[in-house]
Structures are given as C-alpha cells and as structure tokens.
Amino acid sequence: MKVLVVGGGGREHAICWKLKQSPRVTELFCAPGNGGIAEIATCVPISAIALDEMVDYAVKEKFDLVFVAPDDPLALGLVDRLEKAGVRAYGPHANAAIIEASKSFSKNLMKKYGIPTANYEIFSDKQLALDYLDKQDMPIVIKADGLALGKGVIIAATKEEAGNAVISMMEDQKFGNAGKTVVIEECMSGPELTVLAFSDGITVLPMISSRDHKRAFDRDLGKNTGGMGAVTPGADLSPQEEKYMFDAIFLPTIQALSAEGRPFIGVIYFGLMLTATGPRVIEYNARFGDPEAQAVLPRLNNDLMDIIDACMNQTLDQVQLSWKPGASCCVVMASGGYPDAYQTGYEITGIQDTGRIVFHAGTKIVGQKVVTSGGRVLCVYADAPSMEEAIDSAYAGVSRISFKDMHFRRDIGRTLPGGKD
Ligand code: AMP
Ligand code: GLY
C-alpha cells in the first residue's frame, strides 16, 4: 500500500514509525513531515492545512490511504474532501471532529446523553458571562469554544482573573474566532488520565491508558504546553474502574455521536479527570494525543494498518488489541522559551548515541545536520518492565542529547498532574 500521513510533529513520527513496520505498507509519505520522519518516509512540503494542495497531491499520487493526524485539517474537513475526490482517508469527518473543534458542542452532547463532565454554561455575550461569573464560587474554568493550541483554557482563582479571561477572549479576541463563544465550567480536581480509543462508529476499542504532563516546568508549574512528556499506563485502574469508564463514558460517547448522525471513525481521545465522585470528561479530542501517541504506539503489538482497515470497514468488533507488557515513558525536549517565543536553527547532537527511540517533533535537516525548527523538538521514548525503569531509561537517553537552550522536565512520570506527588 502507498500511504500518506498528514502532519509533521512527534505524533506523526510515531504513526509513521508504526506504519513502517507493517508489511502491508510498501511506500510511506508524510506531509509536511520533519527531520526525523524524513529518515523513514518521503517528506512532501505541503502544510497540513493547505487542503486544496493536499487533495490535489493525494489524487495525483493515487494513495491507497491518507491518515489525517492533526486537529486542524480534521476540523476543516480534509477527510471529507479526500473522500469526495475518491481517496480513502482515515480520521473522523468534520461533523464528528467537532467534538474537539467546539467545546460547546461536546459539552451539550455530554449533557444530552448523561456523560459525566463538569457542570457548565455557554455564553456568546460578554456581559451575560460577566454577570454569571459574579454569582459563582471560585476557582472556575473559562474555555474558548474553538481550537486554540491547548492554550484557550484559563483556571481562574479569583473573580478578577475570571473576568479578565472572559474579556481577553470575548472582547480582545485573544484566540480570534475561537473565543467568540466561551464555556464557563466548574473546576474539578483529581489526577488526569488520557484514554485513546479506536472507533469504527459502532465499536470503541480503548488503548492502554496514558498520562500527559501539560505544564512547562517541574512540579506542574508554568504555563500549559502541548505536552511535555507522557507515560503508560496512566493510572492503575481496577477492572471495575475500567468497566465503568467504558460503560459510562467511552461507549455512550460513540453511540451519542452515531445517534446524532455523526459516526466517529478514527482515534478518539478521552481527556479524563479522576474525581472523588468518579471519572469525568475534561475534553474530547478527535485524534491521537501528542505526546501520548509516542508513549502508546510503540507498545502496540498489532499491525496498525489492520486496525485502520477494521475502523473503516466497521469490523473493529473482530479486533483484539495486544500490548507489550510493562510501562513506557517519553520525555519531550523543547526549545528554551516554549510555549512562548523561542529561537530555532540550533544543531542537535547525540540522538544516535541514545540507544532509544527518539521521535522528532520540531526538527529539520540542514546539510548533514539535524537542527531545531519548533517549540517541541524531540521526544525520547523508553519502555521497561516497571515504570521506574522506563522513566530512568528515557532520561538516560535524554542525557545524551544536546542543543542550545534545550529545556525538558525532569519529573515526567514522577508527579501526578492534578494530584499529589
Ligand atoms: P482542555 O484543553 O479542556 O483539556 O483543558 C486543558 C487543561 O485544563 C486540562 O488538562 C486540565 O488540566 C485543565 N482543566 C480543563 N477543564 C478543567 C476543569 N473543569 N476543572 C479543572 N481543570 C480543568
Ligand atoms: N497531549 C494533549 C493533546 O494532544 O491534546
């Protein structure tokens, strides 16, 4: 099969790495790709959101499958466009990807179908939002409705902070159109957990759980980022807890989307909080998480292409996922300054010496050198029989790599985001 992966971060490197192992994938392309992906796939300089160009290219090259991995092209309807042009494409259609692209849509869906989540109100009028805040207890959570690179969520400790968040989103349009509507919701507490799942629209097949570390600095300090590292498993869940999540959250979500005429075919991301009253949904994403994909996919024994086919043929009920036992850890190495402004173009050394799988996120090849080209630069992966060993092994890899101003957290897997150390 001739396959194109759309995207160019660490997640797409992990997807390409996994697809490359499939004997069924004979030719692998990635658009736009990055310096690491270029070692295993042919990179094509088309932006993931250049939909017209991507569709023309996919038609011309006669791909057997296009895997659309990032949120933006999914929300913009790249899968719909490719299908219309006669190209098989993997990922949710825009009408299902909306569970990530519109928080108000997903909150209303959860309310309608009784899926546990934080209580909330939705506002498109700034004054009504401010009046509402006045009557609420703090802390409270303010969310821009649309896609905002994971930055459109403010947890306000005081009414002043909450009011400022509403004004920055609704009046100053800090997140552009994404913040025209805001969701104001109850602040939950508890450890966070990610569960990714394959879905064919009817069956939902959860993967091993994972846990992302979103804050920039150790001990969960600093700003929210795209994710600074992840581990699997994300929690020690009992079979009863797993069953509850499946029965109360995973399956009802997939059934709700189908009932609404929006069958979800692809990878769905359940961002959960394990609260004192049970697991509740923080958010849905319509794709693999980044860096969760890098921590999860190397432990998957199945051929990813077989699972993709089963999703697209509605035969996922016949698939059983199999996992390499133990635990995994991946540590993101970022450019100094990320998630704010940072410099790029610095040479990276030592990747070959790590003896680890190193997924590239923001790199490019210049001459013979690998140089930094983004905020998140690399993701160093290791697995082992125990979590402690996996973490130590990943950090042993990190210690061999060097580039100017590099920044990484030293506590990935060692602290519990939203929980205690
Ligand atoms: P989201 O983009 O919705 O996943 O939110 C980003 C982060 O904000 C989450 O990973 C949580 O740490 C935090 N967060 C979002 N919603 C809530 C909530 N209702 N209560 C507490 N924390 C939240
Ligand atoms: N790691 C969080 C995300 O992919 O949205």
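One-based numbering, in listed order, for ligands and for the atoms of each. Residues take their numbers from the sequence shown, with the count starting at 1. Since we're looking at a predicted model, the values are computed, not measured. All heavy atoms count here, side chains included; hydrogens, waters and symmetry mates do not.
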Per-residue contact class, Tyr269 against ligand 2 - non-hydrogen pairs under 4.0 Å: side chain
Any donor-acceptor N or O pair under 3.5 Å, side chains Tyr269, Glu292: yes
Salt bridge flag under 4.0 Å for residues Arg414 and Asp392: yes
N/O separation below 3.5 Å, Gly226 to ligand 2: yes
Gly289 to ligand 2, any heavy atom closer than 4.0 Å: yes
Minimum non-hydrogen distance to atom 19 (N) of ligand 1, winning option of Glu185, Met188, Lys143, Lys103: Glu185
Side chain, backbone, both or neither: Arg11 near ligand 2, heavy atoms under 4.0 Å: neither
Any residue meeting side-chain hydrogen bond (donor to acceptor under 3.5 Å, both in side chains) with Glu171, in chain and number order, not counting sequence neighbours: Lys126
side-chain hydrogen bond (donor to acceptor under 3.5 Å, both in side chains) partners for Lys143, two or more places apart: Glu185
Carboxylate-amine/guanidinium proximity below 4.0 Å for Arg409 and Asp220: yes
Per-atom contacts of ligand 2 with Asp212, taking only distances under 4.0 Å to non-hydrogen atoms: 1 (N), 2 (C)
Between Ser322 and Asn302: side-chain donor-acceptor atoms closer than 3.5 Å: no
Pair Asp309 + Arg88: basic N to acidic O under 4.0 Å: yes
Plane angle bin for Phe270 and Phe250 - parallel if under 30°, tilted between 30 and 60°, otherwise perpendicular: tilted
Exercise: do Tyr338 and Asp405 side chains pair donor with acceptor under 3.5 Å: no
Structural part of Asn285 in contact with ligand 2, heavy atom criterion under 4.0 angstrom: side chain
N or O contact, Asn224 vs ligand 1, cut-off under 3.5 Å: no
Carboxylate-amine/guanidinium proximity below 4.0 Å for Arg24 and Asp306: yes
Contact atoms of ligand 1, heavy-atom distance to Val141 under 4.0 Å: 16 (N), 17 (C), 18 (C), 19 (N), 20 (N)
Proximity to ligand 2 by part of Arg287, non-hydrogen separation under 4.0 Å: side chain
Close approach, Ala230 and ligand 2, non-hydrogen under 4.0 angstrom: no
Per-atom contacts, ligand 1 versus Lys214 - under 4.0 Å to a heavy atom: 10 (O)
Close approach, Gly271 and ligand 1, non-hydrogen under 4.0 angstrom: no
Heteroatom proximity flag, Val153 to ligand 1, N/O under 3.5 Å: no
Proximity flag Gly271 to ligand 2, non-hydrogen atoms under 4.0 Å: no
For Glu192, atoms of ligand 1 separated by under 4.0 Å from a heavy atom: 9 (C), 10 (O), 11 (C), 12 (O)
